[in-house]
Amino acid sequence: MTNKYIVANWKMSPTSIAEAEDLLAYIDEHLQNETENKEHSLIICPPFVFLDDVSKILSTSRLSGQAELGAQDIALADFGAWTGEISGPMLKRLNVKYVIVGHSERRWKIGESDEVVNKKLKTILANELTPIVCVGERERNNNFQEFLKNQIKATFAGLSADDISKCLIAYEPVWAISSNPGAYPDTPESALESIFVIQEVLTVNCKLETRNLPPFLYGGSVNATNAKDFLSLNEIAGVLVGGASVRKEEFIQILKNS
Ligand code: PEP
């Protein structure tokens, strides 16, 4: 298996820095001992308040060179009066390399529109950070592919082919996100069909050449059992893991199986 992205979206967990340290120490120990010869690009996305500590741990532990730091959000502007926001330059000073944008919890719980996602995406790129762009339909109904196409067009509006090729795109159907009632994972085959729909919009509407398409990840109820099924497909470059990324034994199993 080629090098795969494993993105850990910790969301609003764990609840203390002590637990975060414990989780990282566990990953460090087991990564060295049990996942030898495995090639991953591991990206840890903690809550903002732990970024500084996690950044120090990643640069001083054996995880240095094995895991990169990601943020879960970014301010629309780099400077100015934006109460409660964290800017791109602030993230860079903490050694953040990736930023999640367009996550369904921000789109649907907080009300971020496609327009806001698009502006944040441009801010991430302007700060020379790598966006992890989440897209996905809310419901798997007869129109879901149409919904997906429109979401992709709006999310990437005004971006050059070159900029789009710098992103990671995570296909995350909202109904598959484990925290949603009745959630269940998509199948690798059907996730791939959706990824092909996204690729079609990017090549036809956004004028990307096929060879410049960015890596595509799958997210939604990924666990220790199903991760390898998604990761075994050449077209799926990685997984975005939410709930299971803070369950330490399970997360190590995902890394072992990748
Ligand atoms: C996510 O939050 O992006 C996610 C995929 O969550 P979960 O793995 O818990 O479904």
Side-chain angles (χ1 to χ4, degrees), residues 4-15 19-20 23 27 40-48 50-51 54 68-74 96 98-112 117 120-121 124 130-140 148 151-152 155 167-188 190-192 194-195 198 214-231 233 236-258:
K4 298 277 180 172
Y5 291 94
I6 313 287
V7 181
N9 177 15
W10 287 3
K11 310 196 189 199
M12 208 161 66
S13 299
T15 51
E19 280 175 58
L23 178 56
I27 295 171
H40 328 100
S41 295
L42 176 57
I43 303 166
I44 311 266
C45 306
F48 281 136
F50 301 146
L51 278 176
V54 173
E68 301 270 27
L69 191 59
Q72 296 177 19
D73 191 21
I74 190 169
V96 165
Y98 295 83
V99 181
I100 296 174
V101 63
H103 193 280
S104 58
E105 284 152 12
R106 296 201 66 83
R107 288 180 188 266
W108 304 114
K109 287 189 184 172
I110 297 171
E112 280 189 9
V117 174
K120 287 191 173 182
L121 179 48
I124 297 166
T130 300
I132 303 172
V133 189
C134 300
V135 292
E137 77 283 0
R138 273 183 105 169
E139 285 176 69
R140 183 57 71 85
L148 201 51
Q151 191 185 54
I152 299 298
T155 298
C167 299
L168 303 182
I169 300 182
Y171 171 61
E172 297 209 308
V174 184
W175 49 265
I177 302 277
S178 69
S179 53
N180 291 333
Y184 57 94
D186 203 354
T187 62
S190 124
L192 201 52
S194 297
I195 287 173
I198 301 168
F216 286 85
L217 280 51
Y218 167 76
S221 296
V222 170
N223 58 35
T225 313
N226 63 24
K228 61 177 177 322
D229 301 331
F230 290 99
L231 293 169
L233 298 178
I236 297 189
V239 285
L240 200 167
V241 189
S245 71
V246 288
R247 296 195 290 270
K248 54 190 181 184
E249 291 89 359
E250 182 158 17
F251 189 60
I252 284 298
Q253 284 306 321
I254 291 174
L255 290 169
K256 278 167 83 170
N257 292 342
S258 67

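Note: hydrogens, waters and symmetry copies are ignored here, and every other heavy atom, side chains too, is used. Atoms within each ligand, like the ligands themselves, are counted from 1 in listed order.
More than 12 non-hydrogen atoms from other residues, nucleotides or ligands lie less than 6.0 angstrom from CD of Glu19.
Looking at atom 8 (O) of ligand 1, its nearest protein heavy atom turns out to be Gly242 N, 2.8 Å. Shortest contact from atom 1 (C) of ligand 1 to any protein heavy atom: His103 NE2, 3.1 Å. Remark: minimum distance from atom 5 (C) of ligand 1 to any protein heavy atom is reached at Glu172 OE2, 3.0 Å. Here the heavy atom of the protein found nearest to atom 9 (O) of ligand 1 is Ser178 OG, 2.5 Å.
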For residues 240-249, dump all side-chain donor-acceptor pairs below 3.5 Å to protein atoms at least two apart in sequence or in another chain.
unit_1 : atom_1 : unit_2 : atom_2 : d
Ser245 : OG     : Asn9   : O      : 3.4
Ser245 : OG     : Val241 : O      : 3.4
Ser245 : OG     : Gly242 : O      : 2.7
Arg247 : NE     : Glu250 : OE1    : 2.9
Arg247 : NH2    : Glu250 : OE1    : 3.3
Lys248 : NZ     : Asp22  : OD2    : 2.8

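Not a single ring-ring contact (aromatic ring centres under 6.0 Å, His included) links Phe216 to another residue, sequence neighbours left out.
For the pair His40 (side chain) and Leu255 (backbone), a donor-acceptor distance under 3.5 Å is present. Between the side chain of Asn226 and the backbone N or O of Ser221 there is at least one donor-acceptor pair closer than 3.5 Å.
Distance check, rounded to the nearest 0.5 Å: CD1 of Ile44 to CZ of Phe251 gives 5.5 Å.
Ligand 1 is approached by Ser221 to a heavy-atom distance shorter than 4.0 Å. Assignment of Gly220 to the shell around ligand 1 is supported, since a heavy atom sits closer than 4.0 Å.
Side chains of Gln72 and Trp10: no donor on one and acceptor on the other come within 3.5 Å.
Counting heavy atoms under 4.0 Å from ligand 1, residue Asn9 touches it through the side chain alone.
Residue Leu240 has at least one heavy-atom neighbour below 4.0 Å for each of these atoms of ligand 1: 3 (O), 5 (C). Using a 4.0 Å cut-off to heavy atoms of Ile177, the atoms of ligand 1 that qualify are 1 (C), 4 (C), 5 (C), 6 (O), 10 (O).
The distance criterion of under 3.5 Å between nitrogen or oxygen atoms is met by Gly243 with respect to ligand 1.
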